[in-house]
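Working notes, beginning with the structure itself.
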Protein chains: 2
Amino acid sequence: MSPHPPRSTIADVARRAGVSKATVSRFLNHRDTLLSPEIAQRVEAAIEALAYTPSPMARALKRGRSRLIGLVVADITNPYSVAVLSGAEQACRQAGYLMMLFNLANERERESVGLQMLSSYQVEGFILNTLGLEQGAVLKSVLQDRPVVLVDRLYQGLEVDFVSLDNVQAIDACFDHLMAAGYRDFLFVTEPLGAVSSRIERVRACEARLAALAPAAEGRWVEAGADDPDGLARALQDARAGARRPPAVIAANGVVTMRIVAAVTALGWRLGEEIGLIGIDDTSWAPYVGPGISAVAQPTDALGSLAARCLIERIGGLAVPARTIRLPGTLMARGSTRLTP
Amino acid sequence: MSPHPPRSTIADVARRAGVSKATVSRFLNHRDTLLSPEIAQRVEAAIEALAYTPSPMARALKRGRSRLIGLVVADITNPYSVAVLSGAEQACRQAGYLMMLFNLANERERESVGLQMLSSYQVEGFILNTLGLEQGAVLKSVLQDRPVVLVDRLYQGLEVDFVSLDNVQAIDACFDHLMAAGYRDFLFVTEPLGAVSSRIERVRACEARLAALAPAAEGRWVEAGADDPDGLARALQDARAGARRPPAVIAANGVVTMRIVAAVTALGWRLGEEIGLIGIDDTSWAPYVGPGISAVAQPTDALGSLAARCLIERIGGLAVPARTIRLPGTLMARGSTRLTP
DNA sequence: TTGTATGCGTTATCAC
DNA sequence: GTGATAACGCATACAA
């Protein structure tokens, strides 16, 4: 008695139905055409009886196509990544693809490993949301001309479809809201820029808007890593010190928003009183921290499903130039930007 | 010119190195033994030159073993799931396994689909954190005697390794802390019980403790689904109405904690003043909502990596009776349970 | 120590 | 319409 009652194969089905393997295969793949109803019946019954399921592995080996899509995320701990992932996964599933996930856990050494791994599983395409440090050339070789779509982060020298938040619109929305609320002194806080395009874009958008607003309003930006909470606290204090009225802080994403909340709490300040706060990424907790934290919600679901759809189109053979899709964010005004003069 | 420069295979390597395919295969699998250094050199060089990577698919097909582990999570949107996943993924990786993820998105129809899918990819074992509604018998058939370890949620009629928070200890820790803080009136809030064993265990632990504490303390428990915020609000009001001093609410998990925070906010109450709150699951935002929310932190990383390790032991052939591993939680005391009489 | 041959579960190309 | 048969990329029993 074998411990693993081995899965039934196409051969088993063929035997039981009294037909050839080829016929069973035809039933599986071209059920509609080329099959006499009587035989189809028998095959179907045999499949049913044996609880037969095709082996995607063998199928992929033979066909060269795996019905697999590879997703690389920078950090699955980030709710943004998960939200995008959910959207993408749904779209993939609807199109009959399965998603293989590779999480970088923010370690850039893992980037090429992940790509290799996914690649070796014959994924038909990649959705990438990575650290962006790999060289374009290296990247291209492991990608092997398979379709790629980038989410949120652009790769230098890789001209492929790109789906992302409209960072300029999002930053502008923050400033519009803040100006209307009466704020005139600003501090933009981002994670260390590195080579991450979305971070850079947001900073640039911020600088541009600040330049346009001067001299009615003024501000600057700082990087705040996880390792230096004191630096962030000092930056906040400086912002307050140099301002006539409460300044407003703009957080580049949800992670930074949390760090700012921590710093503000440590300083004993109240959001919306001593300091204003708005951030990109609307998190589940934003409404309940302090007086509620204002935020620009990203259309994460749409981003994910669009990315998947673009990729699947490419896999299907679509050959148009690289597309860039920018989706607008939605401003959620809450107490943290209700300036009380 | 073909669009996909096809990946090089073992045959290409063999040709380039001037050896047989078998030799290359030996180099790959038994590098240490059975190989003359000179030939090994040549093979290695060829592999390098061609950037050859073995096809895990073909390998799995031949060997019957895929080096894949299937993980089914109830809801990837839940940070608890992600945290466990991270821990498990790391352990798998260290042991040379790749994890295939299937997210149920809380839809129970997907449960059997997911199992089938993973199963068809020849995963060598399963880590399951599911909705728990599938029949044991059905389950067994798709599992096909492959090793399984359950995380957080027990399956009726499936005697396999199980890794989870020590729910009794966690609930007791809550009560100990709450009693010490001076609370005497309690309300335990859980997601609808359904067939989810962890929810049931926590309620039972709560009932037991309440019974032991009576009549010095008293309380009850309620289910609070996402669809009925009013019901939760009423339950909270009832709890306050019937109590001499502020009652304490115990949330069965992070999701419920968030719902309670929303309800308390809507009622205009302050945590730690009109009402106490402690919850299982220490979330990133817990320290920053109101005066900070007390919580019992789950050792999510350890849970995940233990689950993976157990599974890998089983895959390796370990044949001991089903093990049950319960890890203690860690109480984080914050402002929400600082009773101010 | 190395090469030859076979088969893993499929699909595709031929015949019939 | 349907059935042999080869091939996908690899690992292994066996022969040399």
Side-chain angles (χ1 to χ4, degrees), chain A residues 2 4-44 46-47 50-68 119-124 144, chain B residues 2 4-44 46-47 50-68 119-124 144:
Chain A
S2 82
H4 290 234
R7 310 176 33 184
S8 46
T9 76
I10 212 172
D12 300 325
V13 176
R15 199 172 317 117
R16 192 173 218 279
V19 298
S20 75
K21 293 194 301 178
T23 301
V24 178
S25 178
R26 275 190 207 101
F27 176 83
L28 261 23
N29 301 297
H30 321 276
R31 174 176 328 221
D32 38 354
T33 167
L34 302 173
L35 220 41
S36 77
E38 196 261 342
I39 294 260
Q41 281 279 339
R42 295 213 322 255
V43 173
E44 186 157 25
I47 289 180
L50 297 174
Y52 165 79
T53 4
S55 153
M57 298 262 190
R59 201 170 252 192
L61 192 60
K62 184 66 196 154
R63 281 191 163 145
R65 307 183 308 138
S66 61
R67 307 300 289 180
L68 246 32
S119 178
S120 77
Y121 272 95
Q122 301 278 58
V123 297
E124 298 184 32
Q144 290 186 138
Chain B
S2 84
H4 289 235
R7 310 176 33 184
S8 47
T9 75
I10 210 172
D12 302 323
V13 176
R15 198 172 318 118
R16 193 173 216 279
V19 298
S20 75
K21 295 194 298 178
T23 300
V24 178
S25 177
R26 278 191 204 99
F27 176 83
L28 262 23
N29 302 297
H30 321 276
R31 175 175 329 219
D32 38 352
T33 168
L34 303 173
L35 221 39
S36 79
E38 196 261 341
I39 294 262
Q41 282 277 339
R42 294 212 323 254
V43 174
E44 186 156 25
I47 288 180
L50 297 174
Y52 165 80
T53 4
S55 154
M57 298 263 191
R59 205 170 246 190
L61 196 58
K62 184 68 197 152
R63 289 225 260 239
R65 308 183 311 137
S66 61
R67 307 300 289 179
L68 246 31
S119 179
S120 76
Y121 272 94
Q122 301 278 61
V123 297
E124 297 184 34
Q144 289 185 136

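Throughout, protein chains are lettered first and strands after them, A, B, ... in sequence-line order, and every chain is numbered starting at 1. All figures in this text were calculated on a predicted structure; none of them were measured in a lab.
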Rounded to the nearest angstrom, tell me the gap between atom CZ in Phe27(A) and atom P in dA12(C).
17 Å
Return the value, rounded to whole Å, for the distance between atom CD1 of Ile39(B) and atom C1' of dG3(C).
11 Å
Could you list by number each residue of residues 14-25 of chain B showing a heavy-atom separation from DNA chain D of less than 4.0 Å, or answer none if no residue does?
Lys21(B), Ala22(B), Ser25(B)
My understanding is that only residues two or more places apart in sequence, or in another chain, count here; which of them pass salt bridge (charged side-chain N to carboxylate O under 4.0 Å, His left out) with Arg63(A)?
none
Ile10(B) side, atom CD1; Leu50(B) side, atom CG - distance, nearest 0.5 Å:
12.0 Å
Distance, rounded to the nearest Å, where Leu28(A) contributes CG and dT11(C) contributes C1':
10 Å
So, using side chain to side chain donor-acceptor pair (under 3.5 Å) as the criterion, who are the partners of Ser66(B) when residues are at least two apart?
none
Between the CZ atom in Arg26(A) and the CG atom in Leu35(A), the distance rounded to the nearest 0.5 Å is 8.0 Å
Check every nucleotide of DNA chain D for an atom under 4.0 Å from a heavy-atom of chain A, then give the first and the last such nucleotide from 5' to 3'.
dG1(D) to dG9(D)
Please output the side-chain donor-acceptor pairs of residues 16-24 of chain A that fall under 3.5 Å, not counting sequence neighbours, one pair per line with the distance.
from	atom 1	to	atom 2	distance (Å)
Ser20(A)	OG	Ala22(A)	N	3.4
Ser20(A)	OG	Thr23(A)	N	3.3
Ser20(A)	OG	Thr23(A)	OG1	3.2

Taken to the nearest 0.5 Å, the spacing of Leu68(A) CG from Tyr121(B) OH works out to 4.0 Å
Among all residues two or more places apart in sequence or in another chain, which pass the side-chain contact (heavy atoms from CB on, under 4.5 Å) test with Glu44(A)?
Phe27(A), Arg31(A)
Can you name the salt bridge (charged side-chain N to carboxylate O under 4.0 Å, His left out) partners of Arg42(B), sequence neighbours left out?
Glu38(B)
Would the distance check show the side chain of Arg65(B) and the main-chain N or O of Glu124(B) forming a donor-acceptor pair, the cut-off being under 3.5 Å?
no
Restricting to side chain to side chain donor-acceptor pair (under 3.5 Å), what partner residues turn up for Ser120(B), sequence neighbours left out?
none
Rounded to 10°, the helix from dT1(C)-dA16(D) to dC16(C)-dG1(D) deviates from straight, judged by its five-pair end axes, by 50°
When the distance from CG of Leu50(A) to P of dG9(C) is rounded to whole Å, what number comes out?
14 Å
Distance-only criterion, 3.5 Å: show the donor-acceptor pairs between side-chain atoms of residues 54-62 of chain B and protein atoms not counting sequence neighbours.
from	atom 1	to	atom 2	distance (Å)
Ser55(B)	OG	Met57(B)	N	3.3
Ser55(B)	OG	Ala58(B)	N	3.1

Does anything in residues 51-65 of chain B reach DNA chain C, meaning a heavy atom under 4.0 Å, and if so which residues?
Leu61(B), Lys62(B)
